[in-house]
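Below you'll find the structure, written out as structure tokens, and then a few comments.
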There are 2 protein chains.
Amino acid sequence: MENKTPITVVIIEDDETIRNGFTYLINATENYKVLNSYSNVEDALVGLVNDKPQVILLDIELPGIKGIEAIPKIKHILPKTYIIMLTVYDNEDNVFNALTKGASGYLTKSDNTEKIIDAIQEVVNGGAPMSMNIAKIVIKSFHKNQNSPLTKRETEILEQIANGKSRSKIAKQMFIDLETVKSHIKNIYIKLNVHSREDAIKEAKNNKYI
Amino acid sequence: MENKTPITVVIIEDDETIRNGFTYLINATENYKVLNSYSNVEDALVGLVNDKPQVILLDIELPGIKGIEAIPKIKHILPKTYIIMLTVYDNEDNVFNALTKGASGYLTKSDNTEKIIDAIQEVVNGGAPMSMNIAKIVIKSFHKNQNSPLTKRETEILEQIANGKSRSKIAKQMFIDLETVKSHIKNIYIKLNVHSREDAIKEAKNNKYI
DNA sequence: AAAAAATCCCCCGTATTGGGGTATACCGAT
DNA sequence: ATCGGTATACCCCAATACGGGGGATTTTTT
């Protein structure tokens with residue numbers, strides 16, 4: 001490979017070992033350069049204005065401002081930057097939130113190191129790199145209807161209902177008041193135009209809202 | 001499309017509106033022709049000898065001889081005819097009985113009309129068209145635990161419960177008394193060692209009884 | 001014939017449900 | 001700065017569903 005302008009990277013990751021490891025790994029690769037690395041989003045937001053990297057590796061489990069919340073903030077100051085999420089937990093909600101908020105890729109930290117480089121290359125080329133298990137979650141969620149009239153909270157509650165849970169159980173489990181659950185259910189019924197749990201479940205399943 | 005020999009169809013369905021609707025729909029489609037339609041199996045068995053259709057659309061909920069019982073009789077006189085079942089209830093037992101007795105496809109009446117035509121085409125081509133929800137039932141049953149402590153009836157009822165149905169709804173739908181449903185549920189709870197719908201569903205799902 | 005499964009019946013007390021309002025606090029978009 | 005949407009919480013009510021306690025009968029399987 002010839003020596004051209006390197007792909008610039010910034011790492012935001014609180015674990016020092018991982019941070020240094022990635023920095024070393026990427027800098028050791030031709031045509032890749034780590035401009036800076038940060039242990040938290042607050043510092044990163046300040047420094048990023050000068051760094052202006054092409055790609056950001058962003059840990060999802062961060063102290064203070066969480067990785068997911070950081071995405072819109074970063075996109076706000078650097079709209080053209082590609083963001084690759086790093087995570088240990090492949091939680092569906094996180095994956096989905098990150099991708100809809102503008103993350104380009106999603107890797108688990110257990111992915112081997114060559115994959116990280118490949119992923120950076122891939123996002124720069126307009127791709128969407130992600131681990132197999134992440135991809136599976138995404139595919140599954142694509143089967144879910146994107147334009148559900150239900151809010152996140154309502155969907156959560158309807159899912160509990162579909163599991164046979166009573167209002168009070170749902171309330172306990174979600175740490176909210178029974179009355180709040182009732183309110184949500186009322187709204188669910190109105191939105192789905194139904195008058196019972198049974199019909200709500202049926203309607204939601206038919207339309208892949210749940 | 002050129003005009004070739006049409007695919008011939010016979011409809012056996014007691015609801016006149018549906019019968020006429022399907023007849024009209026199919027006849028309006030190029031290369032498809034409804035030879036005859038019957039409101040019951042008895043009449044159909046007489047007429048079919050002359051009709052000799054390639055495909056039969058057979059309602060599962062029929063007065064007199066039920067659709068499922070009709071399958072072997074039809075297959076006896078017209079062994080090469082493809083049979084597509086039509087149903088409003090996607091009851092697991094029916095699906096299985098029908099498929100093992102020789103039905104080629106299985107559609108719910110709520111499927112949109114183009115699907116019916118597609119399905120006819122598909123069986124003629126040797127396929128096995130079925131609605132998504134039907135297919136799900138088939139696939140699911142392949143994964144089911146064979147050594148469930150629950151009887152067939154109990155499993156059926158527990159599945160209804162898992163769909164959020166109340167006892168009375170279950171009773172109505174299964175054409176049995178509310179008290180019978182209660183008895184079954186009592187037995188289910190005892191067998192699964194639980195004391196609520198929620199726990200019963202959870203336990204049953206964990207062990208793939210449903 | 002015996003066992004298992006499916007059906008139906010009565011009683012009881014408590015919990016849940018669906019629906020009617022109303023209200024607050026928060027947040028993002030205009 | 002305001003507005004709509006979201007999430008939260010509270011009150012009241014009648015109707016229903018629920019879980020558990022006794023049975024009993026018929027049909028199907030073994």
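Proteins come first, then strands; the chains are lettered A, B, ... in the order of their sequence lines, and each starts at number 1.
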If I take atom [atom1] in residue [X] and atom [atom2] in nucleotide [N], what distance separates them, rounded to the nearest angstrom?
X	N	atom1	atom2	result
Lys172(A)	dA15(C)	NZ	C1'	11 Å
Ile185(B)	dC8(C)	CD1	C1'	14 Å
Leu150(A)	dT6(D)	CG	P	10 Å
Met174(B)	dA5(C)	CE	C1'	13 Å
Lys165(A)	dC18(D)	NZ	C1'	18 Å
Ile188(A)	dA7(D)	CD1	P	10 Å
Ile176(A)	dC26(C)	CD1	P	18 Å
Ile157(A)	dA7(D)	CD1	P	9 Å

Would you say the side chain of [X] and the base of [N] hold a donor-acceptor pair, judged only by whether the two atoms sit under 3.5 Å apart?
X	N	value
Arg167(A)	dG18(C)	yes
Thr180(A)	dA7(D)	no
Lys182(A)	dG20(C)	no

Is there a side-chain polar atom (N or O) of [X] under 4.0 Å from OP1 or OP2 of [N]?
X	N	answer
Lys191(A)	dT6(D)	yes
Tyr189(B)	dG19(D)	yes
Ser168(A)	dT16(C)	yes

So do the side chains of [X] and [Y] get within less than 4.5 Å of each other, counting heavy atoms only?
X	Y	value
Pro149(B)	Tyr209(B)	yes
Ile74(B)	Leu58(B)	yes
Leu150(B)	Asn187(B)	no
Ile170(A)	Ile161(A)	yes

(Q) Need to verify one output field. Residue with the more 5' nearest nucleotide on DNA chain C, Ser196(A) or Leu178(B)? (A)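 The residue mapped nearer the 5' terminus is Leu178(B).
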
Which one, [options], comes nearest to the side chain of [X]?
X	options	value
Lys186(A)	dA6(C), dG19(D), dG21(C)	dG21(C)
Arg197(B)	dT16(C), dG19(D), dT8(D)	dG19(D)
Thr151(B)	dG20(D), dC11(D), dA6(C)	dA6(C)

Q | Option passing side chain to side chain contact (heavy atoms under 4.5 Å, CB included) with Tyr38(A) (candidates Asp14(A), Asp51(A), Leu45(A)) | A |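 Of the listed options, the one satisfying the test is Asp51(A).
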
Q: Answer with base, sugar-phosphate or nothing: what part of the nucleic acid does Ser183(B) contact at a heavy-atom distance below 4.0 Å?
A: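 Ser183(B): base contact, heavy atoms under 4.0 Å.
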
